[in-house]
Engineer: 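I'd like to ask you about the structure that follows.
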2 protein chains.
Amino acid sequence: MALNHAIMTALLDDRLSGYELTKAFDTSLGFFWKASHQQIYKALRDLEQQGLLESEDVPQAGKPDKVIYGLTEGGREALDAWVLGDSKATESKDDMFVKFYNLSADNAAHLREELAQRRQHDGERLALYRRIRARHYAQPESLPVRRRGIYLALLAGIRHCETRLAWAEEADALLASVIPERQSASAR
Amino acid sequence: MALNHAIMTALLDDRLSGYELTKAFDTSLGFFWKASHQQIYKALRDLEQQGLLESEDVPQAGKPDKVIYGLTEGGREALDAWVLGDSKATESKDDMFVKFYNLSADNAAHLREELAQRRQHDGERLALYRRIRARHYAQPESLPVRRRGIYLALLAGIRHCETRLAWAEEADALLASVIPERQSASAR
DNA sequence: GAGCTATATGCAAACTGTTGCATAGCATAG
DNA sequence: CTATGCTATGCAACAGTTTGCATATAGCTC
């Protein structure tokens, strides 16, 4: 299970609580691996039981107490070993492409709207990636080794968004040509 | 569940057996939605029970008998309605990017190998897409409407592969610079 | 004749992920 | 003062996917 390894990866530098990890999985590593808090809390308990993480209760004033987790020596070794194993690429599944196989004059306007939402989303994501890049990865050659790996992942994210946005323009033009002339997407 | 709708989409033009659908999901629609035969046979039975598909037993000589499925009127309507609903994009998950977050001098050579495998795979996939494009989608403007949708999906696949391949070159160069000089990926 | 591949379908268990709900204190906005 | 949202953790049910196994016939190769 890669979720476990993604969590351990997030704990390489910092000792974090489940809640903090959940937030980390909304950004950063979460760009490449999504996880809900339910998944994360469960994985943390499992990993601790396997001896790959150790935990510490941290009482807090004005907030609920929390439990922070850190990698054990065994966890670090397990993570290193995992990286050296083979990884399988989970092929991405996207409803929208299946819908494109159903394109018709009746649904072209709808698909165009969905596409516009994707463009919005990809545009925001791209802007975020670029900000992160400018702030933290402006000179990849001078980064420490591990940070260069993160830079490459970020770069893949950037390229991916750019490609999707460019494709969306072509797709939008083609969809527009399919929509019956008498009405546009927003006509009643 | 989009698998059900992907199956119905595959049955838009043809009446197919579970086995034939399984093969179809290895190519074509399967480029955007993977499914195993166990999933497909189960989905077919479910869909028939819901009245969205109807089946017919086809005895065969020299081969096991088969059951072919076709869309019912209700199935066609259900599919049309589904296309008009909202779709959620399943964020793709990829072990390899998590591994990049763990880049070190010790594992750079291994990651480079994994990357080479991906390049190989993406390259083959791209070549296949291009062949399909050249054969069946050379003039998208003159295609019937639904085929234009499929063309757009194919185009997305092409762009995606191209982007990944270009990124892989950059990544490879950076990884090479991280690998300790005294040994290459294949050194003992 | 033994083993491999292809056709054709299916069950069952295990794993992974999503959704809904629950608790509980504190802060901030209206 | 009430509603909302944040911090912080967790259970339980369901949905979806993967993996391993099972069956049966036919043709091909060694």
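Worth knowing before you read on, the calculation uses all heavy atoms, side chains too, and leaves out hydrogens, waters and symmetry mates. Every chain is numbered from 1 and lettered A, B, ... according to where its sequence line falls, protein lines coming before strand lines.
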Engineer: Could you tell me how the ring of B/Trp82 sits relative to the ring of B/His5: parallel (under 30°), tilted (30 to 60°) or perpendicular (over 60°)?
Structural biologist: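 Answer is parallel, since the angle falls under 30°.
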Engineer: Are A/Phe31 and A/Tyr129, when compared by the centres of their aromatic rings, separated by less than 6.0 Å?
Structural biologist: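 Yes, the ring centres sit under 6.0 Å apart.
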Engineer: Not counting sequence neighbours, list each pair that qualifies as a salt bridge (charged side-chain N to carboxylate O under 4.0 Å, His left out) and has a residue in residues 131-141 of chain B.
Structural biologist: none
Engineer: Tell me what B/Lys34 touches on the nucleic acid: a base, only sugar-phosphate, or nothing, going by heavy atoms under 4.0 Å.
Structural biologist: nothing
Engineer: If we ignore angles and hydrogens, is there a donor and acceptor under 3.5 Å between the side chains of A/Gln120 and A/Glu124?
Structural biologist: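 Indeed, the side chains of A/Gln120 and A/Glu124 share at least one donor-acceptor pair under 3.5 Å.
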Engineer: Please work out whether the ring planes of B/Phe97 and B/Phe100 are parallel, tilted or perpendicular, with thresholds of 30° and 60°.
Structural biologist: tilted
Engineer: Extract, from 5' to 3' on DNA chain D, the first and final nucleotides lying under 4.0 angstrom from some heavy atom of chain B.
Structural biologist: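 Terminal contacting nucleotides, 5' to 3': D/dG16 to D/dA26.
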Engineer: Contacts to DNA chain D from residues 7-29 of chain A, heavy-atom cutoff under 4.0 Å, which residues?
Structural biologist: A/Ser17, A/Gly18, A/Tyr19
Engineer: Heavy atoms within less than 4.0 Å of DNA chain D: which residues of residues 36-51 of chain A have one? Give them sorted by number.
Structural biologist: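 Only A/His37, A/Gln38, A/Tyr41, A/Arg45 qualify.
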Engineer: Mind checking whether A/Trp167 and B/Tyr151 have ring centres under 6.0 Å apart?
Structural biologist: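 Centroid distance A/Trp167-B/Tyr151: not below 6.0 Å, so no.
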Engineer: According to the salt bridge (charged side-chain N to carboxylate O under 4.0 Å, His left out) rule, which pairs have a member within residues 27-53 of chain B, sequence neighbours left out?
Structural biologist: B/Lys42-B/Asp46
Engineer: What is the bend of the helix from C/dG1-D/dC30 to C/dG30-D/dC1 when you compare the axis at one end with the axis at the other, using five pairs each and rounding to 10°?
Structural biologist: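 Angle reported: 30°, given to the nearest ten degrees.
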